[in-house]
Amino acid sequence: MSSAPLNPAPPASDFIREIVAQDNASGKFAGRVITRFPPEPNGYLHIGHAKSICLNFGLAQENAGRCHLRFDDTNPAKEDQEYVDSIMEDVRWLGFDWGEHLYYASDYFQRLYDWAVLLTGAGLAYVCDLSADQISRMRGSLTQPGTPSPHRDRPVQENLDLLERMRNGEFPDGARTLRAKIDMASPNLNLRDPVMYRIAHAEHHRTGSQWCIYPMYDWAHGQSDWIEGVTHSICTLEFENHRPLYNWFVDNIAKLGGAPANVSYRPQQSEFARLNLTYTVLSKRRLLELVKGGHVNGWDDPRMPTLSAFRRRGYTPEAIGQFARSVGVTKFDSVIDVSRLENALRDDMNRRAPRRMGVLDPLKLVIDNYPEGQSEELDAINNPEDPAAGTRKIPFSRVLYIEQDDFREIPPPKYHRLAPGQEVRLRYAFFVRCTTIVKDDQGVITEVHCTYDPATRGGDSPDGRKVKGTIHWVSAAHAVQAEVRLYDHLFNKQDPNDVPEGQSYLANLNPHSLVVAADARLEPSLKEAAAGERFQFERHGYFCVDSRDSRPLRPVFNRTVSLKDTWSKMEKKKPAS
RNA sequence: UGGGGAUUGGUGUAACGGUAGCACAGCAGACUCUGGAUCUGCUUGUCUAGGUUCGAAUCCUAGAUCCCCAGCCA
């Protein structure tokens, strides 16, 4: 593939970049810009994460700062090393580098515990013996204040003792929690004595059995940012209500003299709207269901919106980055049309992808006046958008394959392709005129016969004769046989979650999201295409060699995205009679 | 219902008291050895009602609608 440089899109400004610029101007963080991307390793990264990754790493790059990769691994029940590995691979694939700044919330377990002791000793946290169910019932409602736990005023010494025993494993899962003592009547439910620690005798993928109490996300997140000196802590809208809690934790720890050394400021959280895409689900829970339920073939099934799936399908990181930048950053909960993403890929690939000819649904074309047993080589341009990509030779002979779609016995109006008596150009080859057709017993066309004009070699007519259509072809004897997988949206509704009461979003699964062209014939140069290599099949779309199922000399291609097809659009609108 | 956010064409996004712009989608046309690419042109918008102002998408007041929060998930 040629390496035509992409114009790096000028990073459009947005409200977060404005905040950073203001902070730089005011000296709020002494000119520092430290961000972080904080995934929980409990699933694969998807296109929505790409938006966050591009924002956080982009901000750091633009401001000569840095961006940390931190795994928020506070819940051992859901997390796994497999996810850690995939997340690092995906972030790198997008082109970002966290350098030495790889962190884990689990690295901070001891410090968090020490801080918990500090707050407890100051009477700002207590051990609560209530069950999850009781806590829930006593939290109150949106309009009713909560009722205090009977253990809320437990003496400090007793709390300290109980906390230590929790940590030492003296109590079973769920028996006790450590809670922050804030305000059971707060209109912000997050401030109604939130749980800081729960007991879970679970094996953690990094700390093993070292701990049997695990910090809640809310108790870990703000301090993790603080410890790392994060200046701008960027997250999604649903955490807006949590900001006062993070600030409460950090401020009180600071007041008690517990601030980390060398950190003189508190991270400032800003919230933006997460990405939503039409015809796509992006919740981790849903994606897990699709995988576990066998609705797709794994996390990297090319129909999935995960980054690993986009990679396998043939998306370039540049296209995804361009898309992520183009959607902007706002607080408005919007839904982006997937065509924007597809468009970003087309844009990128149009400049870079070598062109090839491939017949997905073959129909035999016999050139009656071309000598049997003869063949010749013709020149084809590799990429009309990139002269440096040069040309290649393609073999031509008497028997070819063309696309079923490119022949009609009875052509509809404005059909520019092959039909009885019609003349078309075979791309980079000759003009041919259809003379006769051969049908089998069922009346199915098995062969199309034509004559060619030797004077039009290369595709130009010396007499200036014009032809309406140009179709692609491959030489039957030289073609490589391949499987080509044609992907479409996984769901057939713009909003997959739009289902009648009681029905599952799975009812909106598109049964035609994968159509296999099992007997495609491709030009011979594709025989040795390497896994992951990308091409444009002329008049079809962009394709990528599948890295999982391809075999030597028997490649499998994934269609990344089709070319814009105005003819099929016309036909759909006004079905030909 | 308490609290926190939000609202600009079909979908997104800009305009920071001074001509409502851009992208995608749609429509029409030009060009073309990919019905691709490219290039033209067109349609469609400031949630509502009041107010301030020479002038309001922007400021004020009231209302409407949508999203988030009652996990020992993140």
Side-chain angles (χ1 to χ4, degrees), chain A residues 12-14 18 38-40 42 72 74-75 77-79 128 130-133 135-137 139-146 173-179 185-192 194-200 213-214 216-218 220-221 235-244 271 273 278 284-285 326-337 339-340 342-344 346-347 350-351 355 357 380-381 384-385 414-417 424-429 431 456 458-461 467-472 494 536-541 562-571:
Chain A
S13 192
D14 51 63
E18 276 171 23
E40 184 193 14
N42 70 342
D72 271 339
T74 55
N75 185 1
K78 292 188 176 173
E79 295 151 7
C128 180
L130 258 25
S131 70
D133 203 45
I135 287 181
S136 169
R137 275 199 304 269
R139 187 149 20 226
S141 72
L142 295 180
T143 49
Q144 299 291 310
D173 289 5
R176 287 185 161 86
T177 56
L178 182 73
R179 294 227 257 164
S186 172
N188 181 343
L189 268 38
N190 294 121
L191 265 22
R192 317 245 263 228
V195 171
M196 296 161 64
Y197 277 103
R198 74 286 217 182
I199 300 172
I213 58 172
Y214 288 94
M216 297 292 291
Y217 174 83
D218 278 351
H221 191 78
C235 63
T236 44
L237 255 25
E238 69 269 29
F239 294 105
E240 211 153 11
N241 293 334
H242 296 239
R243 191 180 346 126
E271 307 85 8
T278 55
K284 276 194 185 178
R285 210 189 99 229
S326 80
V327 298
V329 180
T330 68
K331 300 193 75 138
F332 180 61
D333 193 16
S334 61
V335 183
I336 307 290
D337 199 319
S339 69
R340 294 272 299 274
E342 296 168 350
N343 202 57
R346 288 194 190 101
D347 235 38
N350 180 47
R351 270 172 289 178
R355 312 293 127 121
M357 290 200 283
I381 294 166
E385 306 291 320
K414 296 196 175 161
Y415 186 79
H416 295 165
R417 285 115 97 146
V424 297
R425 172 169 35 235
L426 296 176
R427 178 86 156 147
Y428 297 127
F431 285 14
T456 57
D460 293 306
S461 59
V467 96
K468 278 263 188 58
T470 299
I471 64 174
H472 61 274
Q494 283 212 8
Q536 182 195 102
F537 292 177
E538 293 208 18
R539 302 209 301 135
H540 279 301
S562 64
L563 251 21
K564 285 188 193 161
D565 185 353
T566 47
W567 167 248
S568 75
K569 206 194 272 180
M570 275 164 63
E571 259 204 323

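Quick note on labels: first sequence line is chain A, next is B, and so on, each numbered from 1.
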Peer 1: Within the 4.0 Å heavy-atom criterion, would you say A:Phe537 contacts the bases, only the backbone, or no part of the nucleic acid?
Peer 2: nothing
Peer 1: If the C1' atom of B:G26 is compared with that of B:U19, how far apart are they to the nearest Å?
Peer 2: 26 Å
Peer 1: Rounding to an integer number of Å, can you tell me how far A:Arg192 CZ sits from B:G3 P?
Peer 2: 12 Å
Peer 1: Could you tell me whether the side chain of A:Thr456 reaches within less than 4.5 Å of the side chain of A:Ser461, counting heavy atoms only?
Peer 2: yes
Peer 1: Check whether any side-chain heavy atom of A:Leu426 sits under 4.5 Å from a side-chain heavy atom of A:Ile471, and report yes or no.
Peer 2: yes
Peer 1: Suppose you measure atom P in B:A14 against the same atom in B:G3; what distance do you get, rounded to whole Å?
Peer 2: 29 Å
Peer 1: Looking at the side chain of A:Val335, which of B:A25, B:G35, B:G12 is the nearest nucleotide?
Peer 2: B:G12
Peer 1: Which whole number of Å gives the distance between the C1' atom of B:C22 and that of B:U46?
Peer 2: 16 Å
Peer 1: When you check the side-chain N and O atoms of A:Asp337 and A:Ser339, is any donor under 3.5 Å from an acceptor?
Peer 2: yes
Peer 1: Under 4.5 Å between any side-chain heavy atoms of A:Cys128 and A:Arg176, yes or no?
Peer 2: no
Peer 1: Under a 4.5 Å cut-off applied to non-hydrogen side-chain atoms, are A:Asp72 and A:Pro39 in contact?
Peer 2: no
Peer 1: Please report the distance separating the C1' of B:C72 from the corresponding atom of B:G45, rounded so that it comes out in whole Å.
Peer 2: 48 Å
Peer 1: How close do A:Lys564 and A:Arg346 get, counting heavy atoms only, and between which atoms?
Peer 2: N-NE, 3.9 Å
Peer 1: Between A:Arg340 (CZ) and B:A25 (P), how many Å, whole number?
Peer 2: 10 Å
Peer 1: To the nearest 0.5 Å, what is the distance between NZ on A:Lys414 and NZ on A:Lys468?
Peer 2: 10.0 Å
Peer 1: Distance between the P atoms of B:C42 and B:A23, in whole angstroms?
Peer 2: 13 Å
Peer 1: Polar atom pairs between nucleotides 56-58 of chain B and protein, under 3.5 Å, N or O only, would you list them?
Peer 2:
none

Peer 1: Hey, which sits more toward the 5' end of RNA chain B by its nearest nucleotide, A:Thr456 or A:Gly328?
Peer 2: A:Gly328
Peer 1: Indicate, with a heavy-atom threshold strictly under 4.0 Å, whether A:Ser339 touches base, sugar-phosphate, or nothing.
Peer 2: sugar-phosphate
Peer 1: Measure the distance from CE on A:Met570 to C1' on B:G26 and round it to the nearest whole Å.
Peer 2: 16 Å
Peer 1: Per the side chain to side chain contact (heavy atoms under 4.5 Å, CB included) rule, which among A:Arg539, A:His416, A:Arg417 passes with A:Trp567?
Peer 2: A:Arg417
Peer 1: Just verifying a value: how many Å separate A:Asp460 CG and A:Tyr428 OH, rounded to the nearest 0.5 Å?
Peer 2: 11.5 Å
Peer 1: Does A:Thr236 reach the main-chain N or O of A:Glu238 with its side chain, forming a donor-acceptor pair under 3.5 Å?
Peer 2: no
Peer 1: Hey, are the side chains of A:Arg427 and A:Glu538 touching, using non-hydrogen atoms and a 4.5 Å cut-off?
Peer 2: yes
Peer 1: Determine yes or no for a side-chain-to-main-chain donor-acceptor pair under 3.5 angstrom, with A:Arg351 supplying the side chain and A:Asp347 the backbone.
Peer 2: yes
Peer 1: Along nucleotides 65-74 of chain B, 5' to 3', which nucleotides get a B, which get an S, and which get a -, given that the test is a protein heavy-atom distance under 4.0 Å?
Peer 2: --SBBBSBSB
Peer 1: Restricting to ring-ring contact (aromatic ring centres under 6.0 Å, His included), what partner residues turn up for A:Tyr217, sequence neighbours left out?
Peer 2: A:His221, A:Phe239
Peer 1: Would a 4.5 Å heavy-atom cut-off, applied to side chains only, mark A:Asn42 and A:Asn75 as touching?
Peer 2: no
Peer 1: Using the 3.5 Å cut-off, write out each protein N or O paired with an N or O of nucleotides 8-10 of chain B and the distance between them.
Peer 2:
none

Peer 1: Does a nitrogen or oxygen in the side chain of A:Ser326 sit under 4.0 Å from OP1 or OP2 of B:A23?
Peer 2: no
Peer 1: When the C1' atoms of B:G17 and B:C24 are compared, how many Å lie between them, rounded to an integer?
Peer 2: 31 Å
Peer 1: When all nucleic acid strands are considered with a 4.0 Å heavy-atom cut-off, which category describes A:Arg243: base, sugar-phosphate, or nothing?
Peer 2: nothing
Peer 1: Pick the P atom in B:U65 and in B:C73, then give their distance to the nearest Å.
Peer 2: 35 Å
Peer 1: When only distance counts, do a donor and an acceptor, one from the side chain of A:Glu18 and one from the base of B:C16, lie under 3.5 Å apart?
Peer 2: yes
Peer 1: Mind listing the closest non-hydrogen atom pair of A:Leu563 and A:Phe537 along with its distance?
Peer 2: CD2-O, 4.4 Å
Peer 1: Answer with base, sugar-phosphate or nothing: what part of the nucleic acid does A:Lys468 contact at a heavy-atom distance below 4.0 Å?
Peer 2: nothing
Peer 1: Do A:Arg179 and A:Pro194 come within less than 4.5 Å of each other through their side chains, counting heavy atoms only?
Peer 2: no
Peer 1: Base contacts versus sugar-phosphate-only contacts with protein, heavy atoms under 4.0 Å: please encode nucleotides 36-41 of chain B as B, S and - from 5' to 3'.
Peer 2: BS----
Peer 1: Side chains of A:Met216 and A:Tyr197: does their closest heavy-atom pair fall under 4.5 Å?
Peer 2: no
Peer 1: What integer number of Å spans the P atoms of B:G9 and B:U13?
Peer 2: 10 Å
Peer 1: Tell me whether B:G26 sits syn or anti, counting syn as a glycosidic angle within 90° of 0.
Peer 2: anti
Peer 1: Pairing of RNA chain B as dot-bracket, 5' to 3': ( ) intra-strand, [ ] crossing, | other strand, . unpaired, with Watson-Crick or G-U pairs under 3.5 Å?
Peer 2: .((((((..((((....[..)))).(((((.......)))))....(((((..]....))))))))))).....
Peer 1: Take the protein atom CD of A:Glu271 and the nucleotide atom P of B:G5, then report the distance between them rounded to whole Å.
Peer 2: 9 Å
Peer 1: Using 4.0 Å as the upper bound for N to carboxylate O, is an ion pair formed by A:Asp133 and A:Arg137?
Peer 2: yes
